[in-house]
Amino acid sequence: MKHLLFILSGLVLPGLIFAQAKLMSMEEATMGKGLTAKTISQLQWNGEDNTWFSVEKNSLVKGYPGKTLRDTVLRLQSLNSKLKVLKEDTLSRFPVITAYKTNIFSFISGNNIFSFNLADGILQKLNSWTDKAENTDIDPLTFKTAYTLKNNLYVSAGGTEYKVEASPDPDITYGASRVHRNEFGISKGTFWSPSGDKLAYYYMNEKAVASYPLVNITDPIAVVNEVKYPMAGQKSHSVNVHIWSSVKKNHIELQTGADTACYLTNITWSPDGKLIYIAVLNREQDSMWMKTYDAESGKFLKTLFIETDPKYVEPLHGPEFINKDASRFLWLSRRNGYNHIYLYEASGKLIRQLTSGEWEVSSIAGTDPEGEKIFFNCNKGNPIGRSLCSVELKSGLVYGITSSTGSHSSKISTDGSFILDSYSTTSFARKIQILDAKGNVKQELLSDLNPLKDYKIGRMSVFTIRNKEGNDLYCRLIRPVDFDSLKKYPVIIYVYGGPHSQMVTDSWLGGAGLWLNYLAEQGYIVFTLDNRGTSERGKEFEQVIFRHLGDAEVEDQMAGVKYLKSLPWADSSRIGINGWSYGGFMTISMMVRNPGVFKVAACGGPVIDWKYYEVMYGERYMDTPQTNPEGYKNASLLNYVKKLKGKLLIIQGYQDETVLPQNGLSFIKKCVDEGRQVDYFIYPGHEHNVRGRDRVHLNEKFYEYFRDNL
C-alpha cells in the first residue's frame with residue numbers, strides 16, 4: 001500500500017514552468033556553487049543579549065528582534081587597521097567569529113586567537129600556538145588551547161607552551177580524537193573543565209592493535225603508512241582518562257581499571273569542576289555504567305546507574321546539567337524504545353522521565369534562565385522532519401515551538417525569549433525567522449523559495465510503502481525532467497541503509513541534493529528508500545539488523561524494487577543501484593543476493609566482509625566472528641560472488657582508514673577466482689570519500705558507468 005505525503009513539482013510556482021530552460025552541469029551538480037539555498041552568514045546571538053550578529057559584505061552587522069533596523073558595527077577595514085597596530089597579519093575576508101559575551105567576540109587567524117570589544121574598540125591577542133598543532137581545543141573561558149603534535153599533548157596559555165604528556169613510543173597517544181574509532185559520539189580527545197583550570201584527556205595504548213599498511217605513492221619510492229586498525233574479534237586498544245592541572249602543572253590518572261574490554265565514552269565535567277562523569281561500556285556493548293570520578297584525586301566514586309540491552313546500548317550524549325546546577329542533570333536514552341529525556345539527581349536517583357512517545361529526541365537545545373523548561377530537538381509528529389519543542393520540568397507538559405513541518409535548526413537566546421530558526425521543507429529551500437518562546441513569528445530575516453527556479457528539475461515526491469512486516473518505509477522518487485508517462489525510463493536506486501542515517505527527509509529536495517537531481521536531468525528515475533536499520537524510527541526499527549547485517553535491509557529495499565516495477569513508466573529491465581560505504585555494502589548485497597534484478601551497480605568504499613571492519617562499530621551490530629560465525633558468513637559478500645550478474649564498478653580511496661582497501665581487493669580476488677568480471681577504480685590520496693575538485697571526476701565516473709551500461 002502506498003501513502004502519498006508530499007509532492008514537489010519541478011517548479012514551486014506553476015506559472016514559471018516554461019521559464020525553466022537551464023540544465024545543471026556536472027560541476028554545478030557536484031560543487032553546488034550558486035545553486036544552494038541562500039543563508040545569513042554567521043547568524044548568532046550577541047552573547048547574553050537579545051540582539052543578533054551576522055556578517056554581510058565583509059562587515060559585522062547587529063540586528064534587533066522585531067525591528068528592520070540593522071547596524072553595521074565593524075567593517076573589515078577597521079578590523080585590519082587594529083591588526084596592523086598589533087603587527088599581525090591582516091585578513092582578506094571577515095573572520096569566523098564567536099560572540100561569547102555581549103558585544104565581545106573572538107576569532108581565530110592562523111594560529112592565533114583574538115578578541116574584539118565592540119564597546120571600546122579594543123582588539124586583544126588572547127593566545128597563540130605552533131602552526132604544526134593538530135586537534136586544537138580552545139577553552140571558551142580562559143582561551144587556553146590544548147593541541148597535539150603527533151602522539152603528544154600540549155597546552156598553550158597566553159602564548160606559553162606547556163608539555164602535558166608525551167611518549168617516545170608511537171603506540172602511546174595523548175589527547176587523540178580517534179579514540180574508539182570516533183564511535184559513541186566521540187569527536188575529540190580533550191575536555192576543559194568549566195573554569196578552565198584543568199584538562200581531561202584520553203590516554204590510548206595501541207600496542208596490542210595490529211597495524212595495517214596504507215601506501216602513499218606521491219614519493220618516487222612509495223611510502224608505507226602504518227595505521228592501527230582493530231578488526232572485529234581481534235585485540236583493541238586500551239584507554240584511560242588523565243587530568244592535567246594548569247595550576248600544579250601535573251597530571252593524575254582516573255581509576256577506571258581501564259583495559260581493552262571497556263569503552264570510556266561521553267566524558268563530562270560537573271559544573272563545579274569537582275567530578276568527571278564517564279559512560280563506561282563493556283566490549284559486548286550490551287551494558288553501560290554511568291560512573292563518577294573525583295577530579296582532584298582520580299578516585300572512582302560511584303556508579304550512578306546501569307543501562308542494559310539484549311542487543312546493544314549506544315550512548316551518544318553525556319549528562320547535560322541544567323544552568324550549571326551540579327545537583328541534577330538530563331540524560332538521553334533509548335531504554336524504553338525511543339530516544340527520550342530523563343531527569344536525574346546527581347546522586348544517580350531518577351527523578352522522572354520527561355518525554356515519551358513513539359518519536360525521537362535528537363538533542364537538547366537549551367534551558368530557560370530559571371531552569372524550569374528544557375528546549376529540545378525532535379521528530380515529534382513527523383518522523384522525517386526536525387522541530388524544536390520544550391518540556392516543563394514540573395508538569396512534564398511538552399509544547400511544540402516550531403512547526404512539525406520541515407526540518408528546523410534553532411538557536412535560543414540566553415534568556416530563552418527568542419529563537420533564531422532556520423528551516424526548509426520539500427516546498428521551499430530556506431526560511432530564517434525570529435520566533436518568540438511560544439513559536440510566534442516575530443520577524444522573517446530571509447526567504448529563499450527556490451534557488452533552482454531557472455533550471456529544469458524533475459518532479460520529486462516523498463511517500464511511504466509497506467514492507468512484509470507492515471512497517472511504513474519512507475521513499476523519495478525523482479522523475480526525469482520532461483517526464484512523459486507514455487515512455488519507459490531506466491531507474492537508479494541510491495542507497496545507504498545503515499545505522500545513523502536518514503536519506504529521505506522533509507527538507508529541500510527531500511534531502512536528495514543536486515547530484516541525484518542531475519541524474520534525473522539525464523533521463524533517469526532516481527529512487528531512495530530508508531529501510532529498517534536506519535535511524536529516527538526507534539530502537540526496534542534499527543535493532544532488527546543485529547547479528548544479521550544485510551538481511552532486513554535488503555528485504556526492505558526489494559520492497560522498493562517491487563514498487564518500482566509496478567510503475568508503468570519504469571523500465572524494470574534497466575534498474576541500477578549506487579551507494580557508498582554502508583551503501584556500498586548494500587549496493588553489492590542487493591545485486592548478488594538478487595541476481596538478474598539489477599543490470600548495473602556502481603559503489604564506493606564498500607564493506608565486503610564485516611570481519612575486516614573495526615571493533616567498535618562492527619561488534620555493536622554483529623558481535624564477534626567467534627560468537628556469531630553464521631551471521632558473519634551470511635553477511636560476507638565473498639560468499640555470493642558466484643551469483644554476480646550484470647555490470648559492477650567498485651571505487652576505493654587508496655588511503656581509506658575507515659573501510660580498508662582490503663575489502664574491495666578481496667572481492668576482486670574472489671571474482672577472479674570465480675571467473676566473474678568486475679570493474680575497479682582507485683583514487684590515490686583520498687581517504688574514505690573523494691572530496692574537493694576530484695569529486696567532479698568521481699561523479700563523472702559514476703554517471704558514465706550508468707550511461708554506458710544501463
Side-chain angles (χ1 to χ4, degrees), residues 24-36 178 181-182 212-219 222-225 227 229 492-498 500-501 503 509 511-522 524 526 528 576-589 591 600-608 612-614 617 637 647-668 678-710:
M24 286 184 287
S25 67
M26 178 67 75
E27 183 170 346
E28 286 176 322
T30 303
M31 308 304 289
K33 292 182 180 178
L35 300 184
T36 55
R178 56 187 176 84
R181 302 288 299 180
N182 300 115
Y212 186 91
L214 294 174
V215 180
N216 186 334
I217 65 166
T218 55
D219 292 331
V223 176
V224 175
N225 175 29
V227 297
Y229 195 96
I492 295 176
I493 297 173
Y494 177 77
V495 62
Y496 183 79
H500 299 279
S501 72
M503 299 291 103
L509 301 179
L514 297 176
W515 158 242
L516 297 184
N517 279 276
Y518 175 86
L519 293 177
E521 176 185 287
Q522 301 304 312
Y524 297 96
V526 182
T528 295
I577 186 167
N578 173 236
W580 197 279
S581 192
Y582 201 103
F585 164 70
M586 285 293 295
T587 295
I588 302 177
S589 293
M591 194 176 202
V600 181
C603 65
V607 178
I608 297 297
Y612 296 146
Y613 203 65
E614 50 94 342
Y617 185 101
L637 302 180
K647 298 288 291 185
L648 172 62
L649 169 65
I650 298 175
I651 292 177
Q652 180 75 49
Y654 202 38
Q655 274 65 51
D656 193 340
E657 296 185 29
T658 303
V659 178
L660 298 173
Q662 182 173 348
N663 281 270
L665 290 171
S666 66
F667 192 85
I668 300 302
V678 64
D679 295 310
Y680 189 65
F681 192 88
I682 285 176
Y683 278 94
H686 285 277
E687 297 181 357
H688 188 49
N689 217 322
V690 178
R691 305 185 186 279
R693 295 288 310 173
D694 290 355
R695 192 164 186 86
V696 178
H697 188 280
L698 169 69
N699 283 343
E700 285 177 342
K701 174 66 66 176
F702 276 144
Y703 165 65
E704 290 177 1
Y705 200 76
F706 286 117
R707 180 197 65 193
D708 296 343
N709 298 290
L710 187 61

Taking the side chain as every heavy atom from C-beta outward, state whether Leu514 and Glu28 have any pair of such atoms under 4.5 Å apart. no

CA sep, side-chain torsions, deciding dist, call: Phe585, Tyr582, ring pair (Phe, Tyr, Trp, His ring centres under 6.0 Å): CA-CA 5 Å; Phe585 164 70; Tyr582 201 103; 5.5 Å; yes

Would you check, one step at a time, whether the test side-chain contact (heavy atoms from CB on, under 4.5 Å) holds for Tyr654 with Asn216? CA-CA 8 Å; Tyr654 202 38; Asn216 186 334; over 6 Å; no

Identify the heavy atoms of Pro661 and Leu214 that sit nearest to each other, and give their distance. CD-CD2, 3.8 Å

Before giving the answer on side-chain contact (heavy atoms from CB on, under 4.5 Å), spell out for Ile650 and Ile588 the whole-Å C-alpha distance, their side-chain angles and the decisive distance to 0.1 Å. CA-CA 9 Å; Ile650 298 175; Ile588 302 177; 3.9 Å; yes

Check whether any side-chain heavy atom of Val495 lies under 4.5 Å from a side-chain heavy atom of Thr587, and answer yes or no. yes

Does some side-chain heavy atom of Lys701 sit less than 4.5 Å from a side-chain heavy atom of Leu649? yes

Rounded to the nearest 0.5 angstrom, the CD-CD distance for Glu614 and Glu657 is 12.0 Å

Set out, in order, the CA-CA distance, both residues' side-chain angles and the distance that settles ring pair (Phe, Tyr, Trp, His ring centres under 6.0 Å) for Tyr617 and Tyr613, then state yes or no. CA-CA 8 Å; Tyr617 185 101; Tyr613 203 65; 5.4 Å; yes

Would you say that Asn225 contacts Gln655 through its side chain, given a criterion of any heavy-atom pair below 4.5 Å between the two side chains? no

Min side-chain heavy-atom separation Val690-Trp580 under 4.5 Å: yes

Within the 3.5 Å criterion, strictly below it, is a donor on Asn517 or Glu521 matched to an acceptor on the partner's side chain? no

Could you tell me which non-hydrogen atom of Ala602 sits nearest to which non-hydrogen atom of Phe706, and how far apart they are? CB-CZ, 4.0 Å

Does Asp679 form a side-chain contact (heavy atoms from CB on, under 4.5 Å) with Leu648? I'd like the steps, not just the answer. CA-CA 6 Å; Asp679 295 310; Leu648 172 62; over 6 Å; no

Kindly compute the distance separating OH (Tyr524) from CG (Leu516), expressed to the nearest 0.5 Å. 13.5 Å

Determine whether Asn689 and Arg695 make a side-chain contact, defined as any pair of heavy atoms from C-beta on separated by less than 4.5 Å. yes

Tyr683 and Gln652: side-chain donor and acceptor closer than 3.5 Å? no

Between CZ on residue Arg707 and CD on residue Glu700, distance to nearest 0.5 Å: 9.5 Å

Show, in sequence, the C-alpha distance, side-chain angles and deciding distance for Tyr680 and Phe667, and conclude whether the ring pair (Phe, Tyr, Trp, His ring centres under 6.0 Å) test is met. CA-CA 10 Å; Tyr680 189 65; Phe667 192 85; 9.8 Å; no

I'd like to know whether Val215 forms a side-chain contact (heavy atoms from CB on, under 4.5 Å) with Val223, so could you lay out the CA-CA distance, the side-chain angles of the two residues, the decisive distance to 0.1 Å, and finally the verdict. CA-CA 6 Å; Val215 180; Val223 176; over 6 Å; no

When rounded to the nearest 0.5 angstrom, what is the spacing between CG in Leu519 and CG in Asn699? 8.0 Å

In the structure I gave you, are the side-chain heavy atoms of Ser581 and Val659 within less than 4.5 Å of one another anywhere? yes

How far does OH of Tyr518 sit from OG1 of Thr30, to the nearest 0.5 angstrom? 8.5 Å

Salt bridge check: are Arg693 and Glu27 linked by an N-O gap of less than 4.0 Å? yes

Measuring from Met591:CE to Leu637:CG, what's the distance to the nearest 0.5 Å? 12.5 Å

